[in-house]
**Q** 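Input: one structure, supplied below.
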Amino acid sequence: MGSHADPPAAPEPSVVAGIDADLFEQALRERRELIRLCLYALDRARSAGVAERLEEGLASVGVTALRPDGEPFDPAHHEAGGVVTPDSPTLAGTVAETEVVGFADRGTQLRPPVVIVYTPRAER
């Protein structure tokens, strides 16, 4: 499933005042595991309806899909899975298509999207 960053750090202690720290840490670990399992299931879903529902459920808890089609390719945030020659040279360096959807948890990337990048034809 690719490399995964940990979801965002726990809130400051003042935010969780009155909540048992061990219980809070357990809840965060369980949340990370549920997200991991949902991504695993999403990657293997054969039904578009099931995949859509899983993605909606993840979004409802702050985990968003990353589909950077048409955006500039950024190797710090995208993984190149292939290249294609664009019809227009102005498209060079942009994402042509997302092959594997990436995900972020409240802005922290869990896994990068795997994309096809427009690359100009090499001159000979």
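Not measured: the values here are computed from a predicted model.
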**Q** Using every non-hydrogen atom in the two residues, find where Val101 and Ala65 come nearest and quote the distance to one decimal.
**A** CG1-CB, 3.6 Å
**Q** With a 4.0 Å cut-off, would you call Asp43 and Arg111 a salt bridge?
**A** yes
**Q** Heavy atoms, side chains only, cut-off 4.5 Å: are Val95 and His78 in contact?
**A** yes
**Q** To the closest 0.5 Å, what do you measure between CG (Leu42) and CZ (Arg53)?
**A** 12.0 Å
**Q** Consider side chain to side chain contact (heavy atoms under 4.5 Å, CB included). Of Val83, Thr85, Leu91, which one does Thr119 pass it with?
**A** Val83
**Q** Indicate the atoms forming the closest heavy-atom contact of Val50 with Ala45, along with that distance.
**A** CG1-CB, 4.1 Å
**Q** Could you tell me whether the side chain of Thr98 and the main chain of Val100 form a donor-acceptor pair under 3.5 Å?
**A** no
**Q** Distance check, rounded to the nearest 0.5 Å: Thr108 atom OG1 versus Phe103 atom CZ?
**A** 15.0 Å
**Q** Is any side-chain heavy atom of Gln109 less than 4.5 Å from a side-chain heavy atom of Leu66?
**A** yes
**Q** Taking the side chain from Arg106 and the backbone from Thr64, do they hold a donor-acceptor pair closer than 3.5 Å?
**A** no
**Q** Walk me through it: do Leu110 and Leu39 pass the test side chain to side chain contact (heavy atoms under 4.5 Å, CB included)?
**A** CA-CA 10 Å; Leu110 299 175; Leu39 292 177; 4.2 Å; yes
**Q** Measuring from atom CD of Gln26 to atom CG of Asp20, what distance do you get when rounded to the nearest 0.5 angstrom?
**A** 9.5 Å
**Q** For Pro86 and Ala92, work out which heavy atoms get closest and say how close.
**A** CG-N, 4.2 Å
**Q** I'd like to check Val84 versus Tyr118 (side-chain heavy atoms, cut-off strictly below 4.5 Å). Are they in contact?
**A** yes
**Q** Kindly indicate whether the side chain of Leu34, heavy atoms from C-beta on, has any atom under 4.5 Å from the side chain of Arg31.
**A** no
**Q** Distance to the ring centre below 6.0 angstrom and angle to the axis at most 45 degrees; does that hold for Arg44 and Tyr40?
**A** yes
**Q** Less than 4.0 Å between a side-chain N and a carboxylate O, is that true for Asp105 and Arg32?
**A** no
**Q** State the CG-SG distance between Leu54 and Cys38, to the nearest 0.5 angstrom.
**A** 6.0 Å
**Q** Rounded at 0.5 Å granularity, tell me how far CZ in Phe24 sits from CZ in Arg29.
**A** 11.5 Å
**Q** In a check of salt bridge (Lys or Arg N to Asp or Glu O under 4.0 Å) between Arg67 and each of Glu97, Glu55, Glu99, which one passes?
**A** Glu55
**Q** So, do Pro68 and Pro113 sit near enough that their side-chain heavy atoms are less than 4.5 Å apart?
**A** yes
